[in-house]
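Report on the following structure.
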Amino acid sequence: MFVQVVSQSTDDTERLGEAFGQLLNAGDIVCLYGELGSGKTVLSKGLAAGLGVAGRGTVRSPSFVLMHQYQGRMPVYHADLYRLNGPTDIVDIGLREVLGGDGVAMIEWADKLETSLPLERLDISLEHQNDETRLITIQAQGSRYHRLVEQWLSRQQHMRTPGVNG
């Protein structure tokens, strides 16, 4: 199952993340894909806000430390794999230990681990359309994430959010 959304601004992208963050539970995995500057960290800020992480300025790209941990309704693990060379580097940052664990894992540049990722996860790809506009593709991998996307879509229909294509 996949859904495409056109985000008109960084605020739209952050709100989309926040709406999904409100639905996430311990053990959930969100994989983020896209070129540099496509909005992965903006979406991560929204996800974290939806998970109850206080202060939007708290969430920053963990490019140089590779993974940050935040506390919201549950632990939030935010990894940025841009600098990793391959799946074997995942051991060095401890990401494997948090996948499917006591919190939510948000993984930027998840394509660096494609063969090592769990089969069940939420994949979100962001593509530049122009300076502000992004095409966001949300793809559910597994039954838990199918239900999550359906729940999110149901909420969007009640709010009549423009730009959602299922």
Side-chain angles (χ1 to χ4, degrees), residues 3 5 7-84 89-90 92-113 117-118 120-126 132 134 136-142 144-156 158-159 161 163-164:
V3 175
V5 178
S7 170
Q8 299 295 330
S9 66
T10 56
D11 287 343
D12 281 355
T13 301
E14 199 167 325
R15 278 192 300 272
L16 181 140
E18 188 169 358
F20 266 105
Q22 293 169 356
L23 301 172
L24 294 171
N25 293 310
D28 284 341
I29 301 165
V30 180
C31 296
L32 304 170
Y33 303 87
E35 297 175 358
L36 279 171
S38 61
K40 294 179 299 297
T41 302
V42 171
L43 187 69
S44 294
K45 287 179 183 191
L47 288 164
L51 285 159
V53 174
R56 293 192 193 293
T58 303
V59 178
R60 298 176 323 279
S61 178
S63 294
F64 295 102
V65 295
L66 303 177
M67 187 163 60
H68 287 301
Q69 180 178 346
Y70 309 110
Q71 189 58 49
R73 315 186 252 116
M74 66 199 73
V76 178
Y77 304 98
H78 181 200
D80 183 327
L81 307 182
Y82 180 71
R83 295 175 8 138
L84 293 187
D89 289 346
I90 189 174
D92 296 336
I93 65 168
L95 183 58
R96 195 176 309 276
E97 289 80 23
V98 302
L99 293 177
D102 65 340
V104 171
M106 306 181 306
I107 307 168
E108 295 187 35
W109 298 96
D111 48 311
K112 298 265 188 169
L113 295 178
L117 290 170
E120 294 220 1
R121 61 186 192 265
L122 184 65
D123 289 340
I124 303 177
S125 300
L126 297 97
E132 291 293 319
R134 303 291 186 265
I136 301 175
T137 303
I138 303 157
Q139 187 159 10
Q141 305 288 349
R144 156 75 184 125
Y145 298 99
H146 280 260
R147 288 189 304 276
L148 180 90
V149 171
E150 287 170 355
Q151 190 176 7
W152 176 79
L153 279 171
S154 174
R155 286 185 177 192
Q156 300 314 299
H158 293 324
M159 296 188 315
T161 303
V164 177

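All of these numbers come straight from a predicted model, not from anything done at the bench.
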How long is the span from the [atom1] atom in [X] to the [atom2] atom in [Y], to the nearest 0.5 Å?
X	Y	atom1	atom2	answer
Gln22	Leu47	CD	CG	10.5 Å
Asp12	Ile136	CG	CD1	8.0 Å
Asn25	Leu148	CG	CG	8.0 Å
Ile107	Leu32	CD1	CG	8.5 Å
Glu150	Leu23	CD	CG	12.0 Å
Cys31	Asp123	SG	CG	5.0 Å

How about [X] and [Y]: do any of their side-chain heavy atoms sit closer than 4.5 Å?
X	Y	value
Val149	Ile138	yes
Tyr145	Arg147	no
Tyr77	Met106	no
Glu14	Leu43	no

Taking every non-hydrogen atom, the tightest pair across Pro118 and Ile29:
CG-CD1, 3.4 Å
Between Gly142 and Glu120, which heavy-atom pair has the shortest distance, and what is it?
CA-CD, 3.7 Å
Parallel, tilted or perpendicular for Phe20 and Trp152, by the 30°/60° rule?
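Rings of Phe20 and Trp152: parallel, under 30°.
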Of Ser38, Ser44, Ser7, the residue whose pairing with Thr13 passes side chain to side chain donor-acceptor pair (under 3.5 Å)
Ser7
Pairing donors with acceptors under 3.5 angstrom, does anything connect the side chains of His78 and Glu108?
yes
Under a 3.5 Å threshold, yes or no: a donor from one side chain and an acceptor from the other, between Thr137 and Ser125?
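No pair is found: no donor N or O on one side chain lies under 3.5 Å from an acceptor on the other.
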Would you call Arg144 and Asp28 a salt bridge, using N to O less than 4.0 angstrom?
yes
Please check if the side chain of Arg134 supplies one atom and the backbone of Gln8 the other of a donor-acceptor pair under 3.5 Å.
no
Ignoring hydrogens and geometry, is there a side-chain-to-backbone donor-acceptor pair from Lys40 to Tyr33 under 3.5 Å?
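No, Lys40 side chain to Tyr33 backbone: no donor-acceptor pair under 3.5 Å.
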Go through it in stages, so that I can follow the logic: the residues are Met74 and Val104, the test is side chain to side chain contact (heavy atoms under 4.5 Å, CB included), and I'd like the CA-CA distance, side-chain angles, deciding distance and then a yes or no.
CA-CA 8 Å; Met74 66 199 73; Val104 171; 3.7 Å; yes
